[in-house]
Trainee: 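Structure provided below as structure tokens; questions to follow.
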Amino acid sequence: MYKYEQYVESANFIKDKIGNLKPKIAIILGSGLGVLSDEFEEKVTINYSQIPNFPISTVEGHAGELIVGKLNDTEIIAMNGRFHYYEGYELNETTFPIRVFKILGIEKLILTNAAGGINTNFKAGEFMVINDYLSFLGESVLRGKNLDEFGDRFIDMSETFDKELSKKLADTIVKHTGKAQEGVYAYMKGPTFETPAEIRALRVLGADAVGLSTVPEAVVAHHCNIKTVAVSCITNMAAGVLDEKLSYDDVKQTADKVKMNFKEIIKEYVKMI
Ligand code: HPA
């Protein structure tokens, strides 16, 4: 368990590095979507390993740096590389940066990820705005002593993802790609992709897409009253939907194909919200 003072220490370190920049928006860049950071101006890059108390990212395709700067004239802080439960981190480590962002004054959080499509109306390469989630981890990221500085012990979860922010994101996606999907994201532990039987079960339970991230971060952001919006890039159809095996290479390939669209969507979106 972290103490409140540790979050403050990390935030102070970042504040010192970013000078006059005072971002109100944070974004977490999912697998293959790190390209956005090329677009930042006046940017300050801080490697996670420099920041006191920060966990260090290990997964391939995740750079492990914080980038602060201006995107389309909007001050923003980006995480290029996130912390996943399957890497071996404790849940409160995977979400450590969110509370640091809160102390830094972040008011809105954009979560992005790569996900497998469960809904058979979806196609690889489409974007899905997440309107709710299913969590099968069995353990809440908020388990343990509540840090009252951030939020209450018991919190309502009927609107984890802010409706207004989500609508604006869907509209921006439609403008750039002609179509935006919307649906429920099922959070799985990984690192195995799911079995076809798990996917069939998840579909019955109401999931539209499946992935290995985002939910812990969204819950912690919701707890400390950061407005959150989340989008999945459907990089593949989930196990058993098509007659083909899943591979991380395919996930990366699809993310690579949509990254220019993604960049334009987010550039426009951050200016709008
Ligand atoms: N399952 C879990 N995580 C994923 C998938 C998937 O099919 N695709 C991209 N991330």
Side-chain angles (χ1 to χ4, degrees), residues 27-36 57-64 79-89 91 94-95 110-139 141 161 173 177 180-219 230-259 261-262 265-266:
I27 183 165
I28 301 188
L29 302 171
S31 302
L33 303 175
V35 58
L36 189 76
S57 177
T58 59
V59 74
E60 184 205 346
H62 290 260
M79 277 182 74
N80 194 11
R82 58 150 57 91
F83 306 109
H84 301 86
Y85 185 72
Y86 65 76
E87 293 176 84
Y89 298 110
L91 272 171
T94 67
T95 56
I110 306 166
L111 296 168
T112 70
N113 63 48
I118 294 180
N119 186 321
T120 52
N121 293 323
F122 290 4
K123 287 193 194 64
E126 290 180 339
F127 291 103
M128 181 190 91
V129 175
I130 301 177
N131 59 19
D132 206 350
Y133 70 83
L134 292 167
S135 174
F136 288 88
L137 205 54
E139 187 182 310
V141 62
F161 303 101
I173 293 170
T177 69
Q181 302 288 8
E182 192 189 318
V184 173
Y185 175 91
Y187 169 52
M188 298 292 276
K189 278 187 271 195
T192 51
F193 289 132
E194 303 68 38
T195 64
E198 284 171 334
I199 295 301
R200 287 192 299 275
L202 288 173
R203 184 179 297 117
V204 169
L205 294 170
D208 297 291
V210 60
L212 311 177
S213 67
T214 301
V215 168
E217 296 141 353
V219 171
V231 60
S232 294
C233 168
I234 305 298
T235 50
N236 56 282
M237 292 311 288
V241 176
L242 304 174
D243 189 18
E244 60 188 32
K245 291 193 174 165
L246 268 51
S247 82
Y248 189 57
D249 279 345
D250 292 341
V251 170
K252 281 192 294 189
Q253 239 177 45
T254 310
D256 203 53
K257 274 190 207 146
V258 304
K259 70 183 182 193
N261 266 340
F262 172 76
I265 291 164
I266 300 297

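Order of listing sets the numbers, starting from 1, for every ligand and every atom in it.
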Trainee: From Arg203 CZ over to Ile118 CD1, what is the distance, rounded to the nearest 0.5 angstrom?
Mentor: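 Those atoms lie 7.0 Å apart.
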Trainee: Is any side-chain heavy atom of Asn113 closer than 4.5 Å to a side-chain heavy atom of Ile130?
Mentor: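 Side chain of Asn113 against side chain of Ile130, heavy atoms only: contact under 4.5 Å found.
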Trainee: Assess the residue pair Tyr187 and Val219 against the criterion (side chain to side chain contact (heavy atoms under 4.5 Å, CB included)); give the C-alpha distance rounded to whole Å, side-chain angles, the decisive distance to 0.1 Å, and a yes or no.
Mentor: CA-CA 12 Å; Tyr187 169 52; Val219 171; over 6 Å; no
Trainee: Determine, stepwise, if the pair Glu244 / Asp250 fulfils side chain to side chain contact (heavy atoms under 4.5 Å, CB included).
Mentor: CA-CA 11 Å; Glu244 60 188 32; Asp250 292 341; 5.6 Å; no
Trainee: I need the contact type for Leu246 against ligand 1. Using non-hydrogen atoms and a strict under-4.0 Å cut-off, is it side chain, backbone, both or neither?
Mentor: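 It is the side chain that touches ligand 1; the backbone stays farther off.
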Trainee: Please report which non-hydrogen protein atom sits nearest to atom 2 (C) of ligand 1, along with the residue it belongs to and the distance in Å to one decimal place.
Mentor: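 Ranking protein heavy atoms by distance from atom 2 (C) of ligand 1, first comes Glu194 OE2, 3.2 Å.
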Trainee: Which atoms of ligand 1 have any heavy atom of Gly211 under 4.0 Å away?
Mentor: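 Near Gly211, the atoms of ligand 1 are 2 (C), 3 (N).
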Trainee: Among all protein heavy atoms, pick out the one at the shortest distance from atom 10 (N) of ligand 1; state its residue, atom name and that distance to 0.1 Å.
Mentor: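 Sorting protein heavy atoms by distance from atom 10 (N) of ligand 1 puts Ala114 O, 3.3 Å first.
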Trainee: Numbering the atoms of ligand 1 from 1, which are under 4.0 Å from a heavy atom of Thr235?
Mentor: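 Contacts of ligand 1 toward Thr235, numbered from 1: 8 (N), 9 (C).
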Trainee: Backbone, side chain, both or neither: what part of Ala115 comes under 4.0 angstrom of ligand 1, heavy atoms only?
Mentor: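 Contact part for Ala115 vs ligand 1: backbone (N, CA, C, O).
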Trainee: Mark yes or no for whether Thr112, through its side chain, and Ile28, through its backbone, hold a donor-acceptor pair below 3.5 Å.
Mentor: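 Checking the backbone N and O of Ile28 against the side chain of Thr112, a donor-acceptor pair under 3.5 Å is found.
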Trainee: Can you report which non-hydrogen protein atom sits closest to atom 5 (C) of ligand 1, along with the distance?
Mentor: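 Of every protein heavy atom, Gly116 N, 3.4 Å lies nearest to atom 5 (C) of ligand 1.
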Trainee: Would you check, one step at a time, whether the test side chain to side chain contact (heavy atoms under 4.5 Å, CB included) holds for Tyr185 with Ser213?
Mentor: CA-CA 10 Å; Tyr185 175 91; Ser213 67; 3.6 Å; yes
Trainee: Report the nearest protein non-hydrogen atom to atom 7 (O) of ligand 1: residue, atom name, distance rounded to 0.1 Å.
Mentor: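 It is Asn236 ND2, 3.0 Å.
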